[in-house]
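Have a look at the structure below, then the notes.
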Amino acid sequence: MKPPYKFNIAWENLLEDESFTQVFLSTVLEEYVVRQRWYGGKSSKLKYIELPEHFRIQQHGEVYYGLILEVNFEEAFYQHYFLPIAFVSDENFAKKDRILPLTLNGQEGFIIDALNLDAFRKLVFERLITAEPNDTTRVRYHKSLNFTDTEYKSSRFMGMEQSNTSIIMNDKYVIKFFRRIYADKNPDYEMSRFLSEKKGYRNTPAYMGSLSIIDSDDANITIALMQELLPNKGDAWEFMLKEIDKVFQWLERKKIDVHALPKVALFKRLKIGDVPHQIIDWAGLNIFLRLQTLAKRTAEMHIALGSEFEDTAFTPEHFNGDYEVWLKNRLLYQFQNRLNTVENNFTKLTGLSAELAKEFLERKNEIRKRFISFDWTKLKGERLRVHGDYHLGQVLVRDDDFYLLDFEGEPESTIRDRKVKQPPLKDVAGIFRSFHYAVYATIFNNEGKYPYKQADLFHAGEILYTYFIGVFLNTYVDLIQKNNINIGYTQEREFLLEYCMLEKAVYELGYEMNSRPLWAVIPLRGIMSIINNKK
């Protein structure tokens, strides 16, 4: 069949027509999909697209289709994506988002992504308003008791996300439509609903509702998640960059000799009163007070996640042999992948990055031994469901407080791996690596701004970073222990922090080598500081 495509069939029955699905799943759809921001297969070669599932999103005779697309790649793997579609006949509408021109029963028009249509967004919102508590249909709408709105007023796209599409509804809620989907409940939905509905954890956007589909294998697939919209001042990454920029500017104003700054051991717990006055005089008190608040919110999240004894998806577990095997297999595979990347791209590196990369390659057996050194029988703490991809970009700043969001987990991991219970210190290690990044990003992004040699800025930055860790860790551990969450004694905690930070830095190294080799110095420095950390 060749364009223009004509079908003597009603829109409501279109997906039952094989000649249409053949046309639709052709190169036309492939060309559309690969252009989308949410498409995650850009580094692989697309082979063909199949349509394993489709379902109606409908109300009062108004019908849209939700499609589950299976994108198959030449490299013998596949990914699933969610695409809702609508038929529009207005020439002026959604010119950039047209997928296919066609004529249905004499009516000319286009198939487009339905999220571009106000009518579609209104329909989804109204279906959530009228959701029944125990929906057993194939397309399931669920609403929280906290969701009390009774009418749709407005909607608009939220912004420039990569992997999902978020829409602000009635200026009070955000509906996130997941684009890359999995044959299981999305961890973001599970964690959001558990924390805000079941545990009353206040420092995350409250769960308001969701849309899911039961597929032909009886798997419950999360399509969309609705949460409250939190007015905010941006994320904690931007906040930290501004704060650290101020701290570096004060080096000159206060005429500080960076080599006279007092050092502290990595992971030494510090009350603010324990931080030497030279550090407080330089960096100011405010940044440490804010880190204490962030530490409290992180601890409260883990306290909520570690205090469940009914829902097995969330009950704490001890370390065991299965977990150790899973962890080592995963990390050794990842480590080998990063080694290959560094070896193959070594010529892109210069200066300190090249020196550190050389040391990384020379000491690869030592690093590998660290990963193999995980012995579950020596660990007394517990594993919980955790955030899994915790960094400053996943934290909103609101007034003087912090709100945690985006519980989807690590993008490179399978959905099953994202739900594996982990030591809560994995999240803490993630935020520590984020502090390290914020220090170095400030230096790299403001070249020439501070009248110090780069090596001296790195030196001052590393010292500042260890104080950030000490103050955060003290507040976090105090609160966790008061609430009887078992994260082990000091030696175990330090082992786990080093282990998880090493894992995170090795993970980051792959990204930096592939996208901005000059920044590879950050994860390489992180790896080496752990390998060289003498007790």
Side-chain angles (χ1 to χ4, degrees), residues 40 43 162-163 235-238 240-241 244 266 327 330-346 348-361 363-364 366-368 370-371 386-395 406 408-413 417-418 422-423 425-445 458 461-462 464-466 468-469 472 496-533:
S43 58
Q162 287 293 344
S163 50
D235 65 33
W237 172 253
E238 292 300 326
M240 279 296 272
L241 291 183
I244 295 168
L266 191 63
L327 184 72
R330 199 164 164 257
L331 297 192
L332 290 173
Y333 173 80
Q334 184 173 285
F335 181 59
Q336 191 56 50
N337 173 286
R338 295 327 191 238
L339 270 178
N340 296 344
T341 304
V342 172
E343 283 170 349
N344 296 336
N345 296 281
F346 191 82
K348 293 181 186 173
L349 302 175
T350 55
L352 183 59
S353 294
E355 279 172 46
L356 289 168
K358 187 167 176 282
E359 191 182 355
F360 172 74
L361 293 173
R363 298 176 71 180
K364 62 187 177 192
E366 204 178 329
I367 299 167
R368 195 181 278 113
R370 280 291 188 106
F371 286 137
V386 296
H387 185 289
D389 188 29
Y390 193 46
H391 56 78
L392 291 164
Q394 310 282 41
V395 178
D406 285 340
E408 260 194 279
E410 207 173 68
E412 271 188 34
S413 299
D417 283 355
R418 294 182 203 189
Q422 303 268 20
L425 290 168
K426 183 180 169 74
D427 284 343
V428 176
I431 210 82
F432 287 174
R433 290 296 311 135
S434 207
F435 294 165
H436 200 229
Y437 255 81
V439 166
Y440 277 82
T442 306
I443 297 168
F444 287 143
N445 292 338
F458 287 166
E462 287 285 340
L464 182 67
Y465 163 65
T466 51
F468 284 177
I469 283 180
F472 184 104
L496 285 170
L497 278 170
E498 283 195 350
Y499 195 94
C500 294
M501 283 169 73
L502 188 61
E503 174 196 349
K504 188 75 176 164
V506 166
Y507 173 81
E508 294 158 358
L509 184 57
Y511 176 81
E512 299 304 352
M513 289 301 297
N514 288 319
S515 56
R516 44 183 188 189
L518 290 176
W519 285 46
V521 67
I522 308 174
L524 285 166
R525 256 270 163 91
I527 292 164
M528 286 311 147
S529 71
I530 289 162
I531 292 299
N532 296 325
N533 188 28

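Numbering of residues begins at 1 and proceeds along the displayed sequence. These numbers were taken from a predicted model, which means no experiment stands behind them.
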message: To the nearest 0.5 Å, what is the distance between OG on Ser434 and CE on Met240?
response: 8.0 Å
message: Going by salt bridge (Lys or Arg N to Asp or Glu O under 4.0 Å), name the residues that satisfy it together with Arg516, two or more places apart in sequence or in a different chain.
response: Glu512
message: I'd like to check Leu502 versus Ile527 (side-chain heavy atoms, cut-off strictly below 4.5 Å). Are they in contact?
response: yes
Validation row: Tyr440, Glu462 side chains within 4.5 angstrom (heavy atoms): yes
- request: Taking side chain to side chain donor-acceptor pair (under 3.5 Å) as the test, write out the residues that go with Asn337, two or more places apart.
  value: none
task: Scan for ring-ring contact (aromatic ring centres under 6.0 Å, His included) pairs involving residues 496-516, sequence neighbours excluded, and state none if there are none.
output: Phe371-Tyr499, Phe374-Tyr499, Phe495-Tyr499
task: Give me the one residue out of Phe458, Trp519, Tyr465 that meets ring pair (Phe, Tyr, Trp, His ring centres under 6.0 Å) with His436.
output: Tyr465
field: Rounded distance [0.5 Å steps], OG1 in Thr466 versus CG in Asn533
entry: 10.5 Å
task: Under the salt bridge (Lys or Arg N to Asp or Glu O under 4.0 Å) rule, collect the residues that match up with Glu412, sequence neighbours excluded.
output: Arg338
field: Listed partners of Trp237 passing ring-ring contact (aromatic ring centres under 6.0 Å, His included), at least two apart
entry: none
- prompt: Can you find a heavy atom in the side chain of His391 that is under 4.5 Å from one in the side chain of Tyr437?
  reply: no
- request: Quick one: list whatever passes side-chain contact (heavy atoms from CB on, under 4.5 Å) with Thr442, sequence neighbours left out.
  value: Leu241, Ile244, Asp245, Phe248, Asn446, Tyr450
query: Taking only residues two or more places apart in sequence or in another chain, which ones pass ring-ring contact (aromatic ring centres under 6.0 Å, His included) with Tyr390?
result: His387
- line: Tightest non-hydrogen contact, residues Lys348 and Met513, listed as NZ-O, 4.1 Å
task: List for me each residue that meets salt bridge (Lys or Arg N to Asp or Glu O under 4.0 Å) alongside Glu359, sequence neighbours excluded, and say none if there are none.
output: Arg363
Nearest non-hydrogen partners of Ala438 and Leu392, listed with the distance: CB-CD1, 4.3 Å
query: Taking C-beta and beyond as the side chain, do Ile367 and Met528 meet within less than 4.5 Å on heavy atoms?
result: yes
- line: Value for CG (Leu524) from CG (Leu349), rounded to nearest 0.5 Å, stands at 7.5 Å
query: Measuring from Arg433:CZ to Glu503:CD, what's the distance to the nearest 0.5 Å?
result: 12.0 Å
- line: By salt bridge (Lys or Arg N to Asp or Glu O under 4.0 Å), Asp389 pairs with (sequence neighbours left out) Lys504
- prompt: Can you name the residues that form a side chain to side chain donor-acceptor pair (under 3.5 Å) with Lys364, not counting sequence neighbours?
  reply: none
message: Within the 4.5 Å heavy-atom criterion, are Leu352 and Leu356 side-chain neighbours or not?
response: yes
query: How about Leu425 and Val428: do any of their side-chain heavy atoms sit closer than 4.5 Å?
result: yes
task: Nearest 0.5 Å please: distance from the CD1 atom of Ile469 over to the CE atom of Met501.
output: 4.5 Å
message: Please enumerate all residues that pass side chain to side chain donor-acceptor pair (under 3.5 Å) together with Arg418, with sequence neighbours excluded.
response: Tyr182
query: Given side chains that start at C-beta, do those of Phe472 and Ile431 come closer than 4.5 Å, heavy atoms only?
result: yes
Pairing residues for Glu343 by the side chain to side chain donor-acceptor pair (under 3.5 Å) criterion, not counting sequence neighbours: none
- request: Could you tell me whether the side chain of Thr341 reaches within less than 4.5 Å of the side chain of Leu509, counting heavy atoms only?
  value: no
